[in-house]
Amino acid sequence: MKTREIRDRFFAFFESREHKLVPSASLVPNDPTLLLSNAGMNQFKPYFLGEQSPPFPRAMSVQKCFRATDIDEVGDHSHLTFFEMLGNFSFGDYYKEKAIPWGWELVTDGFGIDPARLWPTVFETDDEAFDIWRDAVGVPPERIVRRTKEHNYWDMGVAGPCGPCSEIFVDLGDAYGPPSDLGPEGNEDRYLEIWNLVFMQNDCNAQIEPVAELPKKNIDTGAGLERIAMVLQGVPTLYETDTFTALIERASELTKQKYGKDESVDRGLRVLADHARGITFLIADGVLPSNQERGYVLRRVMRRAVRHARLLGGAASDRGRGEEEILPEMISSVIELMGDAYPDLIEKKGHITEIAAHEEERFAGTLRQGLSMLEDEISRARETSTGIPGDVAFKLHDTFGFPIDLTREIAGESGVPVDSERFEKLMADQRARARAARKREALAEAGDVGAAILEEHGPTPFDGYEHLTGTATVIGIADNGVSVPVASEGDEVEVVLDETVFYAEGGGQVGDQGEMSSPTGRARVVTTTRIVPGVTGHLAIIKVGELKVGDKVAVAVDAGFRRNSERSHTATHVLHWILRDRLGDHATQAGSLVEPGRLRFDFNHFEALGEDRVADISTELQERVLVDDEVRAFETSFDFAKSIGAMAIFGEKYGDFVRVVEVGDYSKELCGGTHVPHTSQIGVAVVTSEGSVGANLRRVEALVGKDGLDYLNRRVAVLERAAAFLKTTPEEVAEKVERLLQTSKDMERRLADVDRKRSSSEADALAGAAEDLGGVRLVVARRDEGVDALRQLALSLRGKLGSAVIVLGTATDGKANLVAAMSKDLVERGLTARDLISEGAKLLGGGGGGKPDLAISGGPYAANLDRALEAVAAAARESLRG
Ligand code: SER
């Protein structure tokens with residue numbers, strides 16, 4: 001039965017049961033919580049939740065779906081990233097009593113699948129569904145499998161409707177592994193899920209826990225169209241069905257690789273076919289490759305496809321200029337195959353292929369260099385039993401365009417981890433640098449306009465200590481450094497007012513945010529700075545209408561933003577005082593950053609404070625917050641301020657008149673910033689880190705207000721989770737971990753001992769059986785163990801054997817590795833372990849690297865390990881003879 005006929009029969013079946021046909025929604029869902037459409041029910045979510053009333057009680061659809069979560073399994077017999085899902089839906093109308101028998105009827109009578117091959121599953125406590133399968137449908141009870149929440153409770157992966165489900169599995173036969181009395185519970189490869197019937201009855205929160213009943217009981221079913229085609233067409237994988245064969249053929253032509261001869265090649269061709277479909281449909285629905293969100297999903301799939309093309313030898317990066325790239329060719333085939341069912345693909349063909357060609361070209365140019373760097377790093381990491389440093393992952397991303405997932409995937413194929421934390425930190429730094437650079441540019445550009453305004457109007461008066469709202473007149477607008485009379489919707493400009501309540505960045509405190517509006521327009525103020533000393537610029541994005549010089553505007557500072565800045569600012573003064581009190585008068589301020597929720601304070605001191613002292617300082621800070629001292633500000637002469645001991649910042653210029661901020665009767669600082677009126681309004685202030693930022697220069701960071709509270713709560717939650725894992729109380733966690741560490745150290749020592757003894761006797765046995773090739777000993781063996789154990793074994797054999805070549809292989813967790821070692825005399829003869837291993841490495845679908853006398857390589861195609869070992873052994877015999 002062709003795919004088109006399956007679709008038609010499904011619709012005919014449910015049409016005669018009064019279901020309304022609804023077209024597929026876009027892959028870009030109309031739902032901000034969801035990255036990409038992943039199920040037929042997505043577009044019906046408001047009906048299930050009771051937020052909208054459905055225009056019809058029953059619906060059916062074939063929905064385009066994309067699931068990046070399955071990407072690592074793509075290329076096996078049954079997984080895809082992009083697929084089509086058939087579904088029937090009931091919005092508070094029928095429930096299990098109809099959904100189950102209909103599902104069975106269509107699968108058996110409609111599609112003609114032999115009932116003896118079918119296994120339904122139900123959620124472990126769902127007796128109702130179990131009884132319907134047994135009594136109404138007549139399935140023998142031993143063929144109905146009860147399964148846990150992990151398998152038989154469906155949710156969207158984000159907050160939303162959810163519920164227990166019942167799945168229909170088909171037994172694919174002996175080629176997929178042994179049968180099991182438990183059906184799918186015993187062997188997920190042999191029993192293939194073709195239809196999921198979800199009984200939507202709960203609402204779940206963002207932690208994916210059901211928290212409420214839905215207003216009505218609903219049905220949401222999903223059947224993978226490609227999987228049903230595979231079963232009905234009797235082919236071994238999804239990729240031999242009618243919608244895929246032409247694609248596989250095209251991939252095979254383009255890469256000059258035959259399909260059906262070699263499992264590793266087949267997998268690569270399938271990945272290309274799957275990814276080509278995903279890429280085509282994502283771009284058709286408006287996604288563009290980028291480094292964010294769904295754009296990043298697309299980029300990752302595209303770059304992964306390009307890498308696979310290269311692994312197959314279709315070497316996108318080896319093609320000369322002017323030759324066609326792989327992706328546009330594959331995409332054209334997808335459109336030829338699916339344009340009938342999805343006519344918009346034909347319309348958008350030019351756009352889709354152009355985007356794909358551009359992305360492929362960009363990535364292919366750097367792929368080779370990036371891969372060679374990564375392969376070197378992988379060998380190094382394996383030799384030193386470490387991982388790929390975050391800095392390397394960052395360079396791969398930044399210079400060679402490797403999405404972090406791709407780096408992780410390639411390193412993972414050799415069992416090497418990547419330092420993701422450091423990578424994320426470097427990414428965050430880079431974003432911060434870019435932001436700062438943009439700001440500097442904007443300021444430099446607005447400077448000339450600011451100078452002219454200063455000359456004409458003088459400095460901008462600030463009225464924001466007392467007020468957060470007011471009115472003012474626009475006296476200048478700078479657009480990219482040029483003075484303009486008017487700014488319109490979408491423009492980002494510096495607006496200068498005759499007076500302002502917005503605090504301009506200074507004294508460490510960030511500039512205010514807020515809004516300004518005139519009768520003809522409204523703008524969002526994203527930050528406030530001095531564009532030249534004395535003149536305040538409001539960096540504003542015009543949201544509605546336009547803003548003109550001369551307009552009277554109503555202005556309002558975002559009160560929450562300001563109050564949070566003030567909390568941090570007053571906390572900074574208190575912290576400064578505590579540091580000087582505890583460390584001595586030398587501990588003066590060298591710089592600070594005060595922003596909502598967070599502060600950073602640099603000060604002069606010659607040594608690290610140590611954990612205890614930091615904890616004490618944090619406690620005193622919080623205690624002083626609770627004391628609820630008054631915070632006062634007044635203006636006075638510089639000399640008087642000095643005479644009462646007010647702290648001035650070294651190097652800062654002050655006029656004759658200054659502003660002094662006092663906290664209680666202890667802290668006095670010259671300060672133009674804004675503050676809370678009482679310390680208790682800081683709420684929470686907690687020191688989170690202390691470290692060095694230069695010679696005799698330290699930095700303390702603290703979180704303030706809600707951010708401080710969130711930080712503490714997170715810590716408590718982590719501790720509680722750890723305690724729950726350890727089955728103890730939070731108070732006892734440290735002791736328990738200490739004991740566990742000790743036990744694990746003891747065990748490691750004992751294990752190492754056992755390992756040493758075992759590997760030495762194993763090495764003796766292997767050495768005894770070594771092949772003699774004219775005085776050179778050859779050992780080739782497979783041991784499915786960790787790579788490090790293999791490496792140790794290879795080295796110990798080399799030590800025992802004198803002139804020798806050792807080749808060992810391992811396959812664990814679906815990945816395979818080869819380790820080759822050779823004695824120095826052979827290296828001197830011009831042989832290298834790296835060359836020796838390269839044929840085998842290719843069979844594993846991976847690269848090789850390493851030193852002349854020791855090389856390690858790995859790849860995803862574990863099934864080829866024995867062949868790879870043979871290939872390496874043959875290469876060794878050949879070169880030793882030659
Ligand atoms: N929403 C369920 C699934 O995606 C059934 O349609 O499996």
Side-chain angles (χ1 to χ4, degrees), residues 6-7 10-11 13-14 19-25 27 29-31 33-49 54 58-70 73 78-96 98-100 102-104 106-107 119-123 126 129 147-170 184 188 191-204 208 210 214 216-228 238:
I6 298 172
R7 233 190 241 128
F10 185 90
F11 288 148
F13 183 90
F14 284 105
H19 286 66
K20 160 104 176 121
L21 177 62
V22 179
S24 173
L27 277 174
N30 185 17
D31 176 349
T33 66
L34 198 63
L35 207 54
L36 290 167
S37 293
N38 64 4
M41 55 72 60
N42 294 164
Q43 60 172 325
F44 304 125
K45 181 169 142 185
Y47 303 157
F48 291 132
L49 291 176
R58 299 176 181 186
M60 59 183 181
S61 67
V62 54
Q63 172 67 45
K64 300 178 270 186
C65 295
F66 192 96
R67 292 190 181 170
T69 39
D70 289 338
E73 282 160 282
S78 62
H79 286 89
L80 298 168
T81 55
F82 171 83
F83 63 98
E84 294 175 90
M85 188 188 281
L86 296 164
N88 58 293
F89 306 89
S90 148
F91 312 121
D93 187 34
Y94 62 87
Y95 201 45
K96 299 177 191 178
K98 284 206 168 63
I100 292 177
W102 281 347
W104 181 262
L106 178 57
V107 169
W119 291 70
T121 64
V122 297
F123 181 49
D126 192 352
R147 303 188 85 186
T148 58
K149 188 160 188 270
E150 188 197 342
H151 296 104
N152 276 60
Y153 195 95
W154 197 85
D155 58 66
M156 297 175 66
V158 295
C162 57
C165 61
S166 186
E167 298 184 311
I168 303 177
F169 283 78
V170 178
E188 282 257 4
Y191 302 89
L192 178 71
E193 180 221 320
I194 54 163
W195 203 345
N196 184 10
L197 318 176
V198 184
F199 313 127
M200 287 286 189
Q201 56 186 38
N202 300 113
D203 189 0
C204 75
I208 324 283
L214 292 174
K216 290 184 175 158
K217 292 195 185 325
N218 312 281
I219 290 293
D220 149 36
T221 86
L225 180 60
E226 297 82 353
R227 286 188 176 185
I228 294 188
L238 301 170

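Just so you know, ligand 1 is whichever comes first in the structure, and atom 1 is the first atom listed for that ligand.
When heavy-atom distances to ligand 1 are checked against a 4.0 Å cut-off, Asn196 comes that close through both its backbone and its side chain. Only the backbone of Thr221 comes within 4.0 Å of ligand 1, counting heavy atoms alone; no side-chain atom from C-beta on gets that close.
If you number the atoms of ligand 1 from 1 as listed, the ones under 4.0 Å from a heavy atom of Met41 come out as 1 (N). Ligand-side atoms of ligand 1 in range of Ala39: 1 (N), 4 (O), range being under 4.0 angstrom from any heavy atom. The atoms of ligand 1 that sit less than 4.0 Å from any heavy atom of Gly222 are 5 (C), 6 (O). With ligand atoms numbered from 1 in the order given, ligand 1 contributes 3 (C), 4 (O) to contacts under 4.0 Å with heavy atoms of Arg67. Remark: ligand 1 atoms within the under-4.0 Å shell around heavy atoms of Val198 are 2 (C), 5 (C).
Between Glu193 and Arg147, none of the side-chain N atoms (NZ, or NE/NH1/NH2) sits under 4.0 Å from a carboxylate O, so this pair counts as no salt bridge.
Among protein heavy atoms, atom 1 (N) of ligand 1 sits closest to Asp220 OD2, 2.7 Å.
Residues in residues 36-45 take part in these salt bridge (Lys or Arg N to Asp or Glu O under 4.0 Å) pairs, two or more places apart or across chains: Asp31-Lys45.
Phe48 and Phe89 have tilted rings, their planes meeting at an angle from 30° to 60° on a 0 to 90° scale.
Between Leu27 and Lys64, the shortest heavy-atom distance links the atoms CD2-O, 3.4 Å.
Taking the ring-ring contact (aromatic ring centres under 6.0 Å, His included) definition, one finds that Phe14 meets it with Phe10, His19, sequence neighbours left out.
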